[in-house]
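Below: one structure, written as structure tokens.
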Amino acid sequence: MSSSEPNLPLDAVVKVRRSVMRQKRKTQAALLRLSNSRKCLLVPEVLVPLGWQTAILHQPTFMYKVVAAVQGRLLSIYDGTTEYNLGQTLHARRGGAAWAPLDACYFAYPSMQQASCAALPKGSQLLAAPRMLLAVRCHGRGYQHESNMWAMPHTTVVSVISQITGSPEVIIPPMYQVR
């Protein structure tokens, strides 16, 4: 032992070590609690409604969406105001860099059949309007429903595919016609 080190009794050293280890465990537990509390800001599992789960599409993925055709515009059947234009990317209205809330996302299906046959909420604004099927590319941190409906924060309209059979006749504006 060097002359600069204090000569402590063994039981004092053991007590100090135990105290340090207790404090270390408390600090680790506090850091874990903090880490877990911050995770919910990024992955909102506790806020996801029943039947939904979080899902991430790292690469743009083709999906399909049904919209209303009203006076030459393609509008959301649900809210009657969100407009879809070819090549335009729509971004979630809320959520920023974290996970967008489910109700701020854009809904689509992985198949044309699922999109064409999808049930729409009773309170939808444009239920009686003619309907068009769109091909869209979706990506980002979103959600997947057990029915295979997806809600994604970033949606780009790729093409207008066709009118939905059984909906009122629609006149397709020239800007959406295939040449």
Side-chain angles (χ1 to χ4, degrees), residues 39-178:
K39 279 182 187 173
C40 74
L41 297 174
L42 298 174
V43 182
E45 294 291 344
V46 295
L47 304 174
V48 177
L50 193 61
W52 290 90
Q53 65 183 15
T54 56
I56 300 175
L57 295 178
H58 295 285
Q59 298 295 322
T61 302
F62 276 97
M63 294 201 187
Y64 302 90
K65 178 171 190 62
V66 174
V67 296
V70 178
Q71 298 175 351
R73 297 169 60 206
L74 300 174
L75 301 172
S76 163
I77 295 171
Y78 177 72
D79 69 19
T81 59
T82 302
E83 187 167 2
Y84 294 87
N85 294 301
L86 283 175
Q88 177 188 15
T89 300
L90 298 168
H91 302 283
R93 296 169 292 284
R94 296 187 321 278
W99 223 281
L102 181 65
D103 66 346
C105 290
Y106 301 94
F107 296 83
Y109 290 87
S111 78
M112 288 188 243
Q113 177 71 21
Q114 288 173 313
S116 299
C117 299
L120 296 161
K122 289 181 185 178
S124 296
Q125 300 298 306
L126 298 174
L127 280 175
R131 297 179 188 174
M132 300 296 290
L133 179 65
L134 303 181
V136 296
R137 267 193 327 257
C138 302
H139 72 279
R141 297 177 187 170
Y143 309 88
Q144 183 180 14
H145 191 262
E146 57 194 17
S147 69
N148 211 20
M149 175 174 37
W150 289 68
M152 299 307 298
H154 310 290
T155 300
T156 304
V157 179
V158 176
S159 66
V160 177
I161 296 178
S162 68
Q163 180 174 353
I164 302 296
T165 310
S167 71
E169 190 62 35
V170 65
I171 298 170
I172 301 173
M175 68 181 122
Y176 294 117
Q177 293 178 3
V178 178

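Here the structure is a predicted model, which is why all the values come from computation and not from measurement. In this chain, residues are counted from 1 in sequence order. Heavy atoms only: backbone and side chains are in, while hydrogens, waters and symmetry mates are out.
Note that NE2 of H58 and CZ of R141 are 9.0 Å apart. Values are rounded to the nearest 0.5 Å. In this structure, CE in M152 is found 9.5 Å from CD in Q144, a value given to the nearest 0.5 Å. With values rounded to the nearest 0.5 angstrom, L133 atom CG is found 10.5 Å from Q113 atom CD.
Residues passing the side-chain hydrogen bond (donor to acceptor under 3.5 Å, both in side chains) test with T156 are T89, sequence neighbours excluded. Every residue two or more places apart in sequence or in another chain that forms a side-chain hydrogen bond (donor to acceptor under 3.5 Å, both in side chains) with Q88 is listed here: N85. H154 meets the ring pair (Phe, Tyr, Trp, His ring centres under 6.0 Å) test with H91, H139; sequence neighbours excluded. For S111, the side-chain hydrogen bond (donor to acceptor under 3.5 Å, both in side chains) partners at least two apart in sequence or on another chain are Q114.
Closest approach of C138 to L57, counting heavy atoms only: O-CD1, 3.8 Å. Residues V66 and A115 share a closest heavy-atom pair of CG2-O, 3.1 Å. Between D79 and T82, the shortest heavy-atom contact is OD2-OG1, 2.6 Å. The two atoms that bring L75 and G80 nearest to each other are CD1-O, 3.7 Å, heavy atoms only. Residues Y109 and N148 approach most closely at CD2-O, 3.9 Å, considering heavy atoms.
At least one side-chain heavy atom of C105 sits under 4.5 Å from a side-chain heavy atom of Y143. For the pair W52 and M149, the minimum side-chain heavy-atom distance is below 4.5 Å. Looking at V136 and Y84, their side chains never come closer than 4.5 Å, going by heavy atoms from C-beta outward.
Contacts classified as salt bridge (charged side-chain N to carboxylate O under 4.0 Å, His left out) and involving residues 59-68 (residues at least two apart or in different chains) are not found.
Looking at D103 and R93, no side-chain N of the basic residue comes within less than 4.0 Å of a carboxylate O on the acidic one, giving no salt bridge.
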Just distance, no hydrogens or angles: give the donor-acceptor pairs under 3.5 Å from side chains in residues 123-130, sequence neighbours left out.
unit_1 : atom_1 : unit_2 : atom_2 : d
S124   : OG     : P121   : O      : 2.7
Q125   : NE2    : G123   : O      : 3.3

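Side chain of W150 to main chain of H145: no donor-acceptor pair is present (N/O by atom type, distance under 3.5 Å, no hydrogens or angles).
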